[in-house]
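Report on the following structure.
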Amino acid sequence: MKPTYLFLSITLLLIGGLWVYGTFVAKPRPLHHPPAGTTSPGNRRVEKSDAAWRSQLTRSQYHITRERGTEWPNSSELTHEHRVGMYACVCCQNPLFSSATKFDSHTGWPSFYEPIVPNAIYTEPDGNRTEVRCSVCDAHLGHVFTDGPDPTGLRYCMNGIALIFTPKR
Ligand SMILES: [Zn+2]
């Protein structure tokens, strides 16, 4: 075998090996990692494979919560939901926001000034914005901004599709 062919064969074997490893052996790095020290209500933790999330969620729910998508403004009925009740994570049912802290931000997205308990969510830097995630399952929920109303001055700008609303009975 000429040295050139030998070199080519080794290169092809290496590439093939890497492909097999990447496709069948290495697990994809999870998209979401809670920062060290993150706690959740009741220390609950929900972790599922990508395939499990895909089969549990609708296509849009999957895209928003697991691929960090953003829904079109005014696309969610929850933007104009005014009943008393509780908003939970669509992926893991972790209670996230109370209707008592919901306000009309005129942005087209459901907006709250604080989570139902401080550790219901955690935040992560996202460019010049701050991403909000569910502390139990790491679902991408939306972003938090500092132009909210009293008493916190915060505006949790949420994707309605990432939330389930349960009216109080
Ligand atoms: Zn969740």
Side-chain angles (χ1 to χ4, degrees), residues 27-105 107-146 148-149 151-169:
K27 289 195 175 131
R29 199 173 75 84
L31 186 62
H32 305 293
H33 288 285
T38 301
T39 62
S40 65
N43 283 321
R44 219 181 128 221
R45 183 81 194 144
V46 173
E47 288 181 17
K48 294 187 183 186
S49 68
D50 198 50
W53 285 126
R54 276 182 194 274
S55 68
Q56 176 189 325
L57 303 169
T58 67
R59 214 184 159 102
S60 342
Q61 287 168 342
Y62 177 86
H63 174 62
I64 302 295
T65 60
R66 313 316 307 183
E67 297 183 321
R68 304 166 81 209
T70 299
E71 70 190 12
W72 288 103
N74 291 305
S75 63
S76 168
E77 290 175 7
L78 294 184
T79 305
H80 301 292
E81 176 62 69
H82 296 297
R83 285 175 291 170
V84 173
M86 190 267 291
Y87 296 82
C89 174
V90 74
C91 297
C92 73
Q93 284 74 50
N94 176 32
L96 298 169
F97 297 97
S98 156
S99 60
T101 65
K102 193 170 190 286
F103 66 98
D104 194 352
S105 61
T107 56
W109 289 281
S111 302
F112 306 83
Y113 63 74
E114 72 184 356
I116 200 159
V117 288
N119 66 348
I121 53 105
Y122 67 89
T123 60
E124 289 271 276
D126 180 16
N128 55 5
R129 296 183 297 175
T130 303
E131 182 187 357
V132 177
R133 291 185 190 167
C134 170
S135 63
V136 170
C137 77
D138 306 318
H140 169 80
L141 304 169
H143 291 89
V144 60
F145 302 92
T146 54
T152 62
L154 297 175
R155 171 169 61 93
Y156 288 86
C157 183
M158 298 292 100
N159 290 289
I161 206 162
L163 307 173
I164 306 176
F165 175 67
T166 311
K168 191 179 176 187
R169 289 195 278 180

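These figures come from a predicted structure and were not determined experimentally. Each ligand, and each atom within it, is numbered from 1 in the order the structure gives. All values below were derived from every heavy atom in this structure, side-chain atoms included, with hydrogens, water molecules and symmetry-related copies excluded. Along the sequence shown, residues carry numbers from 1.
A salt bridge does not link Arg129 to Glu131: none of the charged side-chain nitrogens sits closer than 4.0 Å to a carboxylate oxygen.
For the Zn ion (ligand 1), the set of protein N/O/S atoms nearer than 2.8 Å consists of Cys89 SG, Cys92 SG, Cys134 SG, Cys137 SG, ordered by chain and number.
Evaluation of the salt bridge (Lys or Arg N to Asp or Glu O under 4.0 Å) test over residues 91-104, restricted to residues two or more places apart or in two chains, returns none.
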Return a table of donor-acceptor pairs under 3.5 angstrom between the side chains of residues 153-161 and protein atoms on other chains or two or more places apart.
| unit_1 | atom_1 | unit_2 | atom_2 | d |
| --- | --- | --- | --- | --- |
| Arg155 | NE | Asp147 | OD1 | 2.7 |
| Arg155 | NH2 | Asp147 | OD1 | 3.3 |
| Arg155 | NH2 | Asp147 | OD2 | 3.1 |
| Asn159 | OD1 | Glu71 | N | 2.9 |
| Asn159 | ND2 | Leu141 | O | 3.1 |

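Annotation: salt bridge (Lys or Arg N to Asp or Glu O under 4.0 Å) contacts of Arg44 (sequence neighbours excluded): none.
In this structure, a donor-acceptor pair under 3.5 Å is absent between the side chains of Ser135 and Asn119.
Ring pair Phe145/His143 is tilted by interplanar angle, where 30° to 60° counts as tilted.
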